[in-house]
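For reference, the structure discussed in these notes is given below.
In the text below, chain A, chain B and the rest are named by the order of the sequence lines, each starting its count at 1. These numbers come from the heavy atoms of this one structure, side chains and all, not from hydrogens, waters or symmetry mates.
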Amino acid sequence: MIQIFQIIEEASRGSKFYNHKKQRQEKIDERIRRMLELKDSFTPEQITRAEAQMDALTAQLEQSRDLSRFIVHVDMDAFYAAVEMRDRPELRDVPMAVGSNSMLSTSNYAARKFGVRAAMPGFIGRKLCPQLVIVPCDFEKYRAASQLVQQVMARYDPDFSMVSLDEGYLDITDRVATEMDGDTGDQTEDEVAQRLVGEMRAEICRLTRLTASAGIAANGMLAKICSDQNKPDGQFFLPRERPAVLDFLRELPVRKVSGIGNVLSQQLAALEVTRCGELLERRGLVRLLFSECTQLSLMRAGLGADPPGVGRDEDSHQKSVSTETTFAATADSAQLSELLGELCQQLSEDLRRKGLRGRTVTLKLKTSSFVVRSRATTLAEPTSTAAALLAATRPALARELSAGEPLRLLGVRASALVAAEGAAGPRQATLTEMTGRAAAPRHECPVCGRTAGSLAELSAHVERCLDGEAGGGGEQNGGPVGGQKRPPAPHSGLPRTKHKRIDSFFTAVKRS
DNA sequence: TACATACAC
DNA sequence: AATGGTGTATGTA
């Protein structure tokens, strides 16, 4: 499988993308060299002292360690690909990916055997696997499937929170407690939690014909790692006991922890830290070489001591709104200027739709050699008009253009957001706003196939259907639910999110 | 506040 | 021949 690396290398070598990536890596290497130099200058006393300071932090984290909750992370398996395979049986047994020639969003497991991965351009995927079938994204479908998944999750925790269309967190502690009050035989709390999650996954599967994996642990950080352990179509339970948590983490690659990415894991590797357990052993170096913020999150990763919340916090609001696009590189200022106008128009619409205005406007650009730059302007008054956005960014574009290098991307962002006149106030967008509505003009129950008169009715029906109470399973499909005589009106012309987007569904959002 | 970087999905 | 878009957080000046 070293071949995979070689094929990718072969296909990339010499390209501007590749060159840029190499340059970036050189910068990282240089940073690491400087870090190691600094490290070699530390005296044993310095390190001992740093360790003592970290021990204080550790004690503090131990003190606040909360093992009282059952947090669940649910992750749909190869989500987009799974939806396409479900709807097109001919794709079932072939290597396939969802996306385009320039970017793949997901691949199925057959394609993964060839090294075809998310975030890989399609043309490289085809080099790795000539039979690869590439299916374009169909977000309406993924949204509809996600809605069903969410409907199930809501039954286990009405305050669940989605991270994206295919992934979310629940706190099922209360649900477990309720269950324990009834007759659970001689099942322990832990067993009940696992059974409930198994049932939830089964319901998701029944409703969507898609599989989900899940992790159950004392906090979201651990639950997320756990959901990856028995993927696909599996679950993993990590007991809520300090020794079990520490044992689990000791050998776990640091890269598995959300927040430790490419760069930080390279830095850590240079310090001979590749496992979470080693974060604790080398805490002195962590203290001396990383920022306070990074120290804290690394110690949390080593100890598995993270707050148990599922992203619930009430008064958090959206910080920025942006739109950007990639195109064939050009230095033609008329063309770029026209595009900038369109982007400002788009951003203006997005801001208005969300009832927001921005005081800081940022132009983003990427040169043909993949160098990214941003130019920000702060206005006297917050705005949401295309004209003002354009006025704030056009001069910056002109300045950058005078360098003469062709551009391959332009983007505009509004930040320092405030509520527009008469709007509700800067707040997080609701899930519905961000993901759009389920595209089911005939509100058809995915379990029994009958139609309901409205979304609300359908929801209620699906609840009953999942509970096995609707019609006792004896009735035929097709009869409307709730005595409805006619199929409902197609659907209320609510604004649809246009699906020019490729993968933009950061919905770390609380449902409201 | 401006800009760059890292990260997630 | 060819490598995405949206958003958050953080470090630094």
Side-chain angles (χ1 to χ4, degrees), chain A residues 8 11-21 24 27-28 31 75-76 79-80 98-106 117-127 137 139 142 146 162-168 224 255 257-267 290-297 311 316-329 343 346-347 350 354 359-366 368-379 396 408-417 428-429 434-435 497-509:
Chain A
I8 296 175
S12 306
R13 201 179 335 232
S15 70
K16 294 190 162 175
F17 178 81
Y18 180 83
N19 292 149
H20 178 256
K21 200 169 122 184
R24 244 183 84 238
K27 270 205 224 167
I28 295 166
R31 254 172 75 185
D75 199 331
M76 299 300 293
F79 187 51
Y80 301 167
V98 176
S100 70
N101 198 43
S102 61
M103 187 56 55
L104 302 178
S105 284
T106 345
R117 294 258 130 66
M120 175 182 278
F123 67 88
I124 295 206
R126 285 215 179 85
K127 292 221 159 119
C137 288
F139 284 108
Y142 313 148
S146 181
M162 290 306 277
V163 171
S164 61
L165 287 181
D166 75 328
E167 187 181 324
K224 166 128 175 120
R255 191 59 225 263
V257 178
S258 181
I260 301 183
N262 171 40
V263 175
L264 185 51
S265 60
Q266 285 189 54
Q267 290 180 286
F290 295 99
S291 73
E292 208 165 325
C293 198
T294 306
Q295 291 168 34
L296 180 63
S297 59
S316 111
H317 56 285
Q318 189 169 10
K319 305 281 200 311
S320 69
V321 182
S322 66
T323 180
E324 66 186 61
T325 185
T326 293
F327 42 83
L343 288 166
Q346 174 68 51
L347 181 59
D350 292 350
K354 298 180 177 206
R359 211 160 75 81
T360 301
V361 185
T362 306
L363 173 75
K364 174 177 171 179
L365 51 84
K366 193 190 285 177
S368 58
S369 46
F370 289 86
V371 176
V372 176
R373 281 199 273 272
S374 65
R375 297 291 171 245
T377 316
T378 295
L379 280 28
R408 71 180 337 271
L409 172 147
L410 278 184
V412 190
R413 176 166 68 247
S415 53
L417 302 178
Q428 287 198 301
M434 300 201 64
T435 59
T497 62
K498 10 186 294 184
H499 48 277
K500 96 181 209 198
R501 315 278 189 236
I502 303 221
D503 196 345
S504 57
F505 296 92
F506 189 83
T507 48
V509 149

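Within the 3.5 Å criterion, the main-chain N or O of A:L379 finds a donor-acceptor partner in the side chain of A:R359. For A:S369 (side chain) and A:V371 (main-chain N/O), no donor-acceptor pair under 3.5 Å exists by modelled atom type.
Checking C:dG7, B:dA2, B:dC9 against every side-chain atom of A:D166, the shortest atom distance belongs to B:dC9. The side chain of A:R31 sits closest to B:dA6 out of B:dC9, B:dA6, B:dC7. Across B:dC9, B:dA4, C:dT6, the shortest atom-to-atom separation from the side chain of A:R375 is found for B:dA4. Listed nucleotides B:dC3, B:dC9, B:dT5 differ in distance to A:V163; the shortest reach to its side chain belongs to B:dC9. Side-chain atoms of A:E167 lie closest to B:dC9 of the nucleotides C:dT8, C:dG5, B:dC9. The A:T360 side chain lies nearest to B:dA2 when the options are B:dC9, C:dT6, B:dA2.
Nucleic acid contact class of A:I260 (heavy atoms, under 4.0 Å, all strands): sugar-phosphate only. If you check every strand for non-hydrogen atoms under 4.0 Å, A:N262 touches sugar and phosphate atoms only. In this structure, A:R359 reaches the sugar-phosphate backbone alone: every heavy-atom distance under 4.0 Å involves primed, P, OP1 or OP2 atoms, never a base. A:S12 comes within 4.0 angstrom of a nucleotide base, judged by non-hydrogen atoms across all strands. When heavy atoms are screened at a 4.0 angstrom cut-off, A:S258 is found touching the sugar-phosphate backbone but no base atom.
Here C:dT6 presents its C1' atom at 15 Å from NZ of A:K319, a figure rounded to the nearest Å. One can place NZ of A:K366 at 14 Å from C1' of B:dA4, the figure rounded to the nearest angstrom. Going from atom CG of A:D350 over to atom C1' of C:dG5 covers 12 Å, rounded to whole Å. Computed from coordinates, the A:M76 CE to B:dC9 P distance equals 16 Å when rounded to whole Å. The separation between A:L365 atom CG and C:dG5 atom C1' is 16 Å, rounded to whole Å. Separating the CG atom of A:L417 from the C1' atom of C:dG7 is a distance of 11 Å, rounded to the nearest angstrom. In this structure, the CE atom of A:M162 is 15 Å from the C1' atom of B:dA8, given to the nearest Å. Summarising the geometry, the separation between CD on A:E324 and C1' on C:dG5 is reported as 5 Å, rounded to the nearest angstrom.
For the pair A:S374 and B:dC3, the criterion of a side-chain N or O lying under 4.0 Å from OP1 or OP2 is not met. Look at A:T325 and you'll find a side-chain N or O under 4.0 angstrom from OP1 or OP2 of C:dG5. A close approach under 4.0 Å does not occur between any side-chain nitrogen or oxygen of A:S102 and OP1 or OP2 of C:dA2. Regarding contacts with the backbone of B:dC9, a side-chain N or O of A:K224 is found under 4.0 angstrom from either OP1 or OP2. Listed pair A:T378 / B:dA2 meets the phosphate criterion, a side-chain N or O lying under 4.0 Å from OP1 or OP2. Considering only side-chain N and O atoms, A:S320 lies under 4.0 angstrom from the phosphate OP1 or OP2 of C:dT8. For the OP1/OP2 pair of B:dT5 and a distance below 4.0 Å, the side-chain nitrogens and oxygens of A:K27 include at least one atom meeting the criterion. Listed pair A:K354 / C:dG7 meets the phosphate criterion, a side-chain N or O lying under 4.0 Å from OP1 or OP2.
Between A:T377 and A:R24, the residue anchored nearer the 5' end of DNA chain B, judged by the nucleotide with its closest heavy atom, is A:T377. When each of A:T294 and A:F17 is assigned the nucleotide of DNA chain C bearing its nearest heavy atom, the one mapping closer to the 5' terminus is A:F17. Taking the nucleotide of DNA chain C with the nearest heavy atom to each of A:R413 and A:S291, the more 5' of the two is matched to A:R413. Along DNA chain B, the nucleotide nearest A:R373 and the nucleotide nearest A:R255 are compared for position; the residue whose nucleotide lies closer to the 5' end is A:R373.
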Please step through side-chain contact (heavy atoms from CB on, under 4.5 Å) for the pair A:K27 and A:R31, ending with a clear verdict. CA-CA 6 Å; A:K27 270 205 224 167; A:R31 254 172 75 185; over 6 Å; no
Assess whether side-chain contact (heavy atoms from CB on, under 4.5 Å) is satisfied between A:R375 and A:L365, documenting all intermediate values. CA-CA 9 Å; A:R375 297 291 171 245; A:L365 51 84; 5.7 Å; no
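A:S15 meets the side-chain hydrogen bond (donor to acceptor under 3.5 Å, both in side chains) test with no other residue; sequence neighbours excluded.
Ring-plane geometry between A:Y80 and A:Y142 is classed as parallel, the angle between the planes falling under 30 degrees on a 0 to 90 degree scale with a further cut at 60.
Annotation: A:K319, atom NZ; neighbour count of heavy atoms from other residues, nucleotides and ligands within 6.0 Å is above 12.
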